[in-house]
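Notes to accompany the following structure.
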Amino acid sequence: MDISIIIPVYNVERYLKDCLDSIIQQSNEIMLQAIIVDDGSSDHSQTIAKHYTMLYPDIFEYHRKTNGGLSDARNYGVRFAKGTYLMFLDSDDYLREDACFALFTCLKKTQADVVLYDYISFDEHQQKAVTMLASDSGFISDRQYLLTQPTAWNKIVKTEAYKQHHITFPKGIWYEDRATTGAYINFAKRIYYLQQPLYYYRQRTNSIMNQQMYHPKMLDMKTAIAYMLEQLDIQRYHDEVEYICISNLIYQSGERLLPHHKKEEMAMFVRYMNDLFPNWEKNPYYLKRSKLYQSICKAIKQNHLGIARRLFHLKNKMV
């Protein structure tokens with residue numbers, strides 16, 4: 001078996017066929033194991049998944065479990081992986097028709113432990129290519145890798161190494177990818193960036209990343225960061241980890257919380273950031289960011305949240 005693809009499924013009857021069809025369209029030169037993990041769906045997802053498993057038993061296998069969330073479904077699926085390489089595919093997304101062939105060819109040629117790749121972000125009205133790095137395809141350092149987008153679904157890894165290092169997504173929290181995928185550097189001696197958009201990421205208005213209303217789970221970012229810090233050598237990757245914390249605890253959390261006037265919650269993130277890295281405003285990656293970015297972070301640190309909100313509004317008008 002060449003590639004195992006873990007597909008967590010939960011109430012996605014509207015999108016699941018697109019996802020599974022994209023697996024069927026992959027090159028028959030690549031031996032695929034598509035592991036469908038039904039996380040207790042209550043819609044017709046189960047019927048659809050079982051139908052594909054019946055039609056294509058050499059590709060799909062179906063497993064149903066009680067609902068435990070995305071992380072739990074991914075972790076559950078890993079135990080069944082038999083492929084040399086392992087990747088994740090969210091069930092409302094889909095792969096480019098030559099994705100697996102391009103990835104397997106790249107892996108065989110480079111002997112990489114991890115390959116990350118670009119993707120297409122799309123909704124009902126438009127789509128755009130998203131690049132991970134401003135560079136051509138090639139090997140990247142572990143430090144470069146840490147600073148890329150942490151999503152699990154635009155990476156493929158060696159299954160044996162993944163299992164040997166007991167990589168698991170923390171159950172029950174949002175931002176599970178931020179918590180987890182940084183740990184790939186603990187086993188990846190060769191990391192390769194493939195500058196090809198191989199994955200189609202569906203932007204849904206009710207998704208976690210597009211959440212417009214306040215939700216207490218937004219505070220899970222602190223838990224996700226704490227989980228990430230347990231996995232990494234903070235002394236070795238001090239500047240990179242510090243910058244990740246700035247980006248997630250200060251800037252991105254501010255972008256989520258301030259429109260809802262969550263002053264105490266924002267103060268909690270600032271205190272946590274200051275406890276972790278008291279001199280974070282001297283971070284070299286942070287100092288390379290725009291003056292607007294730095295001004296927003298500074299305003300949040302100084303509890304000038306009204307100013308920060310106005311600066312975020314200005315930033316959004318500039319986009």
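Quick caveat: nothing in here was measured; it's all calculated off a predicted structure.
For the residue pair Tyr285/Glu240, the side-chain donor-acceptor check at 3.5 Å is satisfied. For the residue pair Asp118 / Tyr193, a side-chain donor-acceptor distance below 3.5 Å is found, with atom types taken as modelled. For Tyr175 and Gln252, the side-chain atoms include no donor-acceptor pair closer than 3.5 Å. For the 3.5 Å distance criterion, the side chains of Tyr243 and Arg289 qualify, holding a donor opposite an acceptor. Under 3.5 Å, the side chains of Gln46 and Asp38 contain no donor-acceptor pair of N or O atoms. The closest side-chain donor-acceptor pair between Arg96 and Gln25, if any, does not fall under 3.5 angstrom. Counting only N and O atoms by type, the side chains of Ser121 and Gln203 include a donor and acceptor under 3.5 Å apart.
You'll find the side chain of Leu146 reaches within 4.5 Å of the side chain of Leu232, heavy atoms only. Contact check for Arg74 versus Asp177: side-chain heavy atoms found under the 4.5 Å cut-off. Considering only heavy atoms from C-beta on, Lys301 stays 4.5 Å or farther from Ile250 through its side chain. Looking at Thr168 and Val78, their side chains never come closer than 4.5 Å, going by heavy atoms from C-beta outward. The closest side-chain heavy-atom distance from Val114 to Tyr85 is not below 4.5 Å. Looking only at side-chain heavy atoms (C-beta outward), Ile3 and Gln26 stay at 4.5 Å or farther from each other. With a 4.5 Å cut-off on side-chain heavy atoms, Ile156 and Leu107 count as touching. Side chains of Arg143 and Arg236 form a contact here, defined as non-hydrogen atoms less than 4.5 Å apart.
Atom SG in Cys100 sits 13.0 Å away from atom CE in Met31 (nearest 0.5 Å). We find the NZ-CD distance between Lys189 and Gln111 to be 13.5 Å, quoted to the nearest 0.5 Å. For the atom pair CG (Leu276) and NZ (Lys222), the distance works out to 9.0 Å, reported to the nearest 0.5 Å. Atoms OG1 and CD1, on Thr148 and Ile191 in that order, are 8.5 Å from each other to the nearest 0.5 Å. If you take CE on Met268 and OG on Ser253, they are separated by 8.0 Å, rounding to the nearest 0.5 Å. Cys19 SG to Ile36 CD1: the interatomic distance, rounded to the nearest 0.5 Å, is 8.0 Å.
Scanning all heavy atoms of the two residues, the minimum distance from Met1 to Lys82 falls at CB-O, 3.8 Å. Among all heavy-atom pairs drawn from Thr159 and Gly83, the shortest one is OG1-O, 2.8 Å. When all heavy atoms of Gln33 and Phe80 are compared, the closest pair comes out as NE2-O, 2.8 Å. Residues Ile23 and Leu32 approach most closely at O-CD1, 4.1 Å, considering heavy atoms. Closest heavy-atom contact between Ala179 and Tyr227: O-CD2, 3.3 Å. Closest approach of Ile225 to Cys245, counting heavy atoms only: CG2-SG, 3.8 Å.
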Report the C-alpha separation of Met221 and Trp174 in whole Å, then their side-chain angles, then the decisive distance to 0.1 Å, and conclude whether the side chain to side chain contact (heavy atoms under 4.5 Å, CB included) test is met.
CA-CA 7 Å; Met221 181 55 76; Trp174 286 8; over 6 Å; no

Verdict with supporting geometry, Leu116 and Ile140, side chain to side chain contact (heavy atoms under 4.5 Å, CB included):
CA-CA 10 Å; Leu116 65 153; Ile140 63 173; 3.7 Å; yes

Residues Asp142, Tyr237; criterion side chain to side chain donor-acceptor pair (under 3.5 Å); working and verdict:
CA-CA 9 Å; Asp142 46 5; Tyr237 300 107; 2.6 Å; yes

What verdict does the side chain to side chain contact (heavy atoms under 4.5 Å, CB included) test give for Glu255 and Ile296, after you've listed the backbone C-alpha separation in whole Å, the side-chain angles of each residue and the deciding distance to 0.1 Å?
CA-CA 10 Å; Glu255 199 165 25; Ile296 290 172; over 6 Å; no

Salt bridge (Lys or Arg N to Asp or Glu O under 4.0 Å) evaluation trace for Asp113 with Lys158:
CA-CA 6 Å; Asp113 301 301; Lys158 287 185 175 178; 3.3 Å; yes

Side chain to side chain donor-acceptor pair (under 3.5 Å) between Tyr201 and Gln127: does it pass, once the steps are laid out?
CA-CA 9 Å; Tyr201 169 66; Gln127 65 179 36; over 6 Å; no

Apply side chain to side chain contact (heavy atoms under 4.5 Å, CB included) to residues Leu198 and Leu95 and explain how you reach the verdict.
CA-CA 6 Å; Leu198 302 178; Leu95 297 174; 5.9 Å; no

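Thr151 contributes no side-chain N or O that, together with a main-chain N or O of Trp153, makes up a donor-acceptor pair within less than 3.5 Å. Judged by distance alone, the side chain of Asp220 and the main-chain N or O of Thr223 form no donor-acceptor pair under 3.5 Å. Side chain of Ser290 to backbone of Tyr293: a donor-acceptor contact under 3.5 angstrom is found.
Aromatic ring pairs are classed by plane angle as parallel below 30°, tilted from 30° to 60° and perpendicular above 60°; the pair Tyr52 and Phe60 is perpendicular. Ring orientation note: the planes of Tyr76 and His63 are nearly perpendicular, at an angle over 60° on the 30°/60° scale.
For Phe101, the CZ atom sits in a loose shell: 12 or fewer heavy atoms of surrounding residues, nucleotides or ligands are nearer than 6.0 Å. Within 6.0 Å of atom CD in Glu97, 12 or fewer heavy atoms from other residues, nucleotides or ligands are found, so the atom counts as exposed in its surroundings. Around atom NZ of Lys217, more than 12 heavy atoms belonging to other residues, nucleotides or ligands sit under 6.0 Å away. Within a 6.0 Å sphere centred on CE of Met318, other residues, nucleotides and ligands contribute 12 heavy atoms or fewer. Within 6.0 Å of the CZ atom in Arg14, the count of heavy atoms belonging to other residues, nucleotides or ligands does not exceed 12. The 12-atom threshold is exceeded at NZ of Lys163, counting heavy atoms of other residues, nucleotides or ligands nearer than 6.0 Å. The number of heavy-atom neighbours closer than 6.0 Å to CD of Gln235, taken from other residues, nucleotides and ligands shown, is 12 or below. Glu264 CD: 12 or fewer foreign heavy atoms inside a 6.0 Å radius.
Between Glu176 and Lys171 there is no salt bridge, since none of the side-chain N atoms of the basic residue sits less than 4.0 Å from a carboxylate O of the acidic one. Lys65 has a carboxylate O that lies under 4.0 Å from a charged side-chain N of Asp39, or vice versa, which qualifies the two as a salt bridge.
Tracing side-chain contacts under 4.5 Å through hydrophobic residues (I, L, V, M, F, W, Y), one reaches Phe88 starting from Tyr145; they form part of the same cluster. Tyr200 and Ile7 are members of different hydrophobic clusters when ILVMFWY side chains are connected at heavy-atom separations under 4.5 Å. Under a hydrophobic clustering in which Ile, Leu, Val, Met, Phe, Trp and Tyr are joined whenever their side-chain heavy atoms come within less than 4.5 Å, directly or via other members, Met132 and Ile120 fall into different clusters. Val130 and Phe122 are members of different hydrophobic clusters when ILVMFWY side chains are connected at heavy-atom separations under 4.5 Å. When hydrophobic clusters are built by joining Ile, Leu, Val, Met, Phe, Trp and Tyr residues whose side-chain heavy atoms come closer than 4.5 Å, directly or via intermediates, Ile24 is grouped together with Tyr199.
Ring centroids of Tyr184 and Phe187 are separated by less than 6.0 Å, placing the two rings close together. His238 and Phe277 have their aromatic ring centers within a separation under 6.0 angstrom.
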